[in-house]
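Working notes for the structure below.
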Amino acid sequence: MFTRQILLSHSSNSDLNIPNGFDRFYFDDYIVYYHHLNAIYSYQSDSFECLMVGVVVHPDLAEFNLKDLFSDEILNPTFLQINKILERVCGRYYLLYKGDDGVFVRSDATSLAQINYCKMKQIIATDINLLKYSGVDVSINSEAEGFYKEVFPRKGNGNAWIGTDTIYNEICKALPNHTLSLSNYEVTRFWPWRDFNYIDFNIAVSEITNELKLTLKAFSRLAPLSIAVTAGNDSRVMAAASKDVSESCYYFIDKLSSMNDSHPDLVVGARVCEVLNVYFNKHDNFESISNIPLEFKNSFSGSVFYSLPKRLPEVYNYSVKLSGHINICGVGEFGRSVYGPSKFKVEPNYLCYKYQCANSIYANKVTTSWLNELKHHPYASQYPINTLFYIEQKLGNWGAVGNAESDLAFEEVNPFASHYLISKMIMLNSRYTRYTNNKLFLRLVSNMASELDGIPINPKHSFSSKLKTALKSSFIFSIVDIAKYHLINNLGKKVL
């Protein structure tokens with residue numbers, strides 16, 4: 001249970017339930033309990049302390065350690081300065097800091113290691129279920145539960161929460177780019193930390209290319225890598241970035257029951273691997289849920305509050321075939337305008353519409369709160385609101401849950417997810433980062449593996465699908481999308 005998870009508890013707490021396989025480390029007034037598959041890195045000087053728990057790499061370090069990043073010239077740093085120094089760090093981790101300006105904990109750039117906390121008991125954990133297991137007594141938050149029961153199941157994969165509350169009164173969460181004070185349990189935003197300015201496309205492509213290649217090389221020093229290769233953008237970039245370490249990589253595709261032999265992910269994925277001269281492993285023999293060992297099923301559902309049974313066969317298969325690998329799950333939506341071109345002024349319900357919960361009373365309430373916090377931040381208020389919303393709400397929930405589900409089988413990381421790379425991609429003009437016909441990803445692939453040029457991205461076979469793709473990439477789609485939103489906003493039924 002709770003493989004690769006982390007639990008922080010104030011040292012005054014007693015009678016905690018700590019899962020088997022967890023080690024401990026002491027930091028300030030807290031005990032850090034962590035599953036043994038996490039690494040731990042500590043640094044202490046006369047003026048500050050830092051602790052990182054999880055899986056962490058830095059592109060410039062052959063072996064990660066904090067001492068090489070914190071020079072002797074840093075005498076009295078602030079938490080903000082420490083975060084700037086660590087902006088190129090990538091992985092799944094907690095960062096703890098103690099200095100003259102306070103004691104804080106934050107997660108990685110997209111909160112793969114989520115921060116769920118109980119202020120009353122002063123306990124923090126990577127999952128709601130781990131907090132409950134440790135001994136946190138809970139009562140139902142009826143307002144959040146209404147959303148959870150009525151709206152939540154119909155949203156996408158059914159695992160994309162919204163806001164900082166949970167269905168329990170005693171448990172809250174900190175979103176990506178926010179830090180939790182371990183002194184008073186206030187949550188504050190720490191990123192972005194610079195003004196928003198559009199950057200040169202060619203320079204950005206060169207810098208992103210270099211960073212991705214170095215990041216994958218750093219992860220490959222920890223363990224062999226596994227990379228799913230599909231017809232899509234993200235996996236194409238990851239496959240291209242892995243060329244220099246391909247001997248340490250296992251390239252694969254999951255042939256799900258809904259996919260026939262002509263499915264683009266199978267055909268194009270095989271073609272990409274053929275051109276790169278690497279073996280393409282096809283996973284098509286999944287155990288039915290009824291045949292998966294009960295202990296594994298219980299660990300899967302018991303470890304992750306938002307886990308979905310439908311992913312069980314895939315995750316179990318990973319545990320059998322790839323348990324010693326680090327899975328490279330490249331999610332590069334920072335560079336693909338999933339919620340449309342950059343918008344700097346939007347209504348709460350428009351963001352909810354994009355997040356598939358338009359007209360939800362609860363979702364609008366928490367989105368309004370998020371917007372108000374954003375507007376008062378000197379830097380975040382300058383950034384594209386719809387992109388920040390996607391990163392902090394969707395990737396910080398849907399992406400994190402998918403990662404947590406996989407933890408039982410293997411380590412999973414997103415090489416795109418460092419504050420350094422996110423800043424580069426989010427500051428590009430929208431004409432380079434459209435969701436369809438994305439110029440950024442085409443150039444990234446071409447820079448790293450030009451032999452892949454010409455292999456189509458997510459090709460469509462039917463006339464209707466080709467027409468739909470063409471419309472989505474046109475200005476007309478934006479007009480239709482806005483019109484649809486106004487129709488739903490003005491005439492749609494209100495829900496919880």
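Between Trp370 and Phe389, the gap from one ring centroid to the other is short of 6.0 Å. Annotation: Tyr390 is not in aromatic contact with Phe334 [ring centroid separation under 6.0 Å not met]. Taking the six-membered ring for Trp and the full ring otherwise, the centers of Trp161 and Phe147 sit less than 6.0 Å from each other.
Formation of a donor-acceptor pair under 3.5 Å by the Ser107 side chain with backbone atoms of Ala113 is found in this model. Counting only distance, with no hydrogens or angles, the side chain of Ser299 and the backbone of Phe296 share no donor-acceptor pair below 3.5 Å. The main-chain N or O of Arg434 is found under 3.5 Å from a side-chain atom of Asn438 such that the two form a donor-acceptor pair.
Side-chain contact check for Asn397 and Lys173: at least one donor-acceptor pair (N or O, by modelled atom type) lies under 3.5 Å. In summary, the side chains of Tyr353 and Asp481 do present a donor paired with an acceptor at a separation below 3.5 Å, with no hydrogens or angles considered. Between the side chains of Asn349 and Asn359, at least one donor N or O lies within less than 3.5 Å of an accepting N or O.
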Check residues 412-419 and write down every donor-acceptor pair under 3.5 Å in which the side-chain atom is one partner and the other belongs to a residue at least two apart or another chain.
from   : atom 1 : to     : atom 2 : distance (Å)
Glu412 : OE2    : Asn327 : ND2    : 2.7
Asn414 : OD1    : Val331 : N      : 2.9
Asn414 : OD1    : Phe416 : N      : 3.1
Asn414 : ND2    : Val331 : O      : 3.0
Ser418 : OG     : Leu421 : N      : 3.2
His419 : NE2    : Asn177 : OD1    : 2.9

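Ile128 CD1 to Gln114 CD: the interatomic distance, rounded to the nearest 0.5 Å, is 7.5 Å.
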Worked verdict on Asp407 versus Thr3 for side chain to side chain donor-acceptor pair (under 3.5 Å): CA-CA 6 Å; Asp407 278 346; Thr3 305; over 6 Å; no
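Scanning for side-chain hydrogen bond (donor to acceptor under 3.5 Å, both in side chains) contacts around Tyr318 gives Asp254, with sequence neighbours left out.
Checking Asn403, Asn38, Asp108 one by one against Arg92, the side chain to side chain donor-acceptor pair (under 3.5 Å) holds for a single residue, Asn38.
Other residues, nucleotides and ligands place no more than 12 heavy atoms under 6.0 Å from the NZ atom of Lys345.
In this structure the side chain of Leu69 reaches within 4.5 angstrom of the side chain of Leu86, judged on heavy atoms.
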